[in-house]
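The structure under discussion appears below in the form of structure tokens.
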Amino acid sequence: MRVNIMKVFKWVVASMMMGAISFSAMAAKEVTKEEVKTMNLQKIGTVNTTAETTSPMDAKKVLSKLADEKGGKYYLVIAGREHGKFSATAEVYK
């Protein structure tokens with residue numbers, strides 16, 4: 001499967017912009033690679049969204065919910081795809 005670099009780049013930029021917004025309903029918080037290192041977080045698994053979300057913000061809400069269900073307090077987005085809808089993969093940490 002070939003990934004369109006510009007689409008991924010746009011998703012990452014949108015994702016970073018949305019990361020500045022706090023979602024009170026979210027239990028798991030998005031972190032950066034640097035925060036994972038400095039906070040000495042322990043990876044407990046990986047979560048994936050389906051291609052049903054219509055925006056990066058919606059994909060992040062799903063990732064947060066899935067991370068929370070897995071017992072995580074934090075998640076790090078490691079992949080994002082835009083193909084008419086959005087899907088993403090994140091590592092979950094506690």
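- Atoms CG and NZ, on Leu41 and Lys73 in that order, are 10.0 Å from each other to the nearest 0.5 Å.
- Contact check for Tyr93 versus Val36: side-chain heavy atoms found under the 4.5 Å cut-off.
- Residue Thr54 comes nearest to Lys85 through the heavy atom pair CG2-NZ, 3.8 Å, listed as atom of the first residue, atom of the second, then distance.
- Leu66 and Val92 fall within a single hydrophobic cluster, where Ile, Leu, Val, Met, Phe, Trp and Tyr side chains are chained together by heavy-atom contacts under 4.5 Å.
- One hydrophobic cluster, built from ILVMFWY side chains closer than 4.5 Å, holds both Ile78 and Val31.
- Within the 4.5 Å cutoff, no side-chain heavy atoms of Glu52 are placed close to those of Asp58.
- Under the 3.5 Å distance criterion, the side-chain polar atoms of Glu82 are matched with a main-chain donor or acceptor of Gly84.
- When hydrophobic clusters are built by joining Ile, Leu, Val, Met, Phe, Trp and Tyr residues whose side-chain heavy atoms come closer than 4.5 Å, directly or via intermediates, Val47 is not grouped with Tyr74.
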Please determine whether side chain to side chain contact (heavy atoms under 4.5 Å, CB included) holds for the pair Lys60 and Thr53, giving the CA-CA distance in whole Å, both sets of side-chain angles, and the decisive distance to 0.1 Å. CA-CA 9 Å; Lys60 287 181 147 200; Thr53 55; over 6 Å; no
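- Rounded to the nearest 0.5 angstrom, Lys37 NZ and Thr32 OG1 are separated by 9.5 Å.
- Nearest heavy-atom pair, Thr49 versus Ala88, reported as atom, atom and distance to 0.1 Å: OG1-N, 2.7 Å.
- To the nearest 0.5 Å, the span separating NZ on Lys70 from NZ on Lys94 amounts to 12.5 Å.
- Contact detail for Ser64 and Ala28: the closest heavy-atom pair is OG-O, 2.8 Å.
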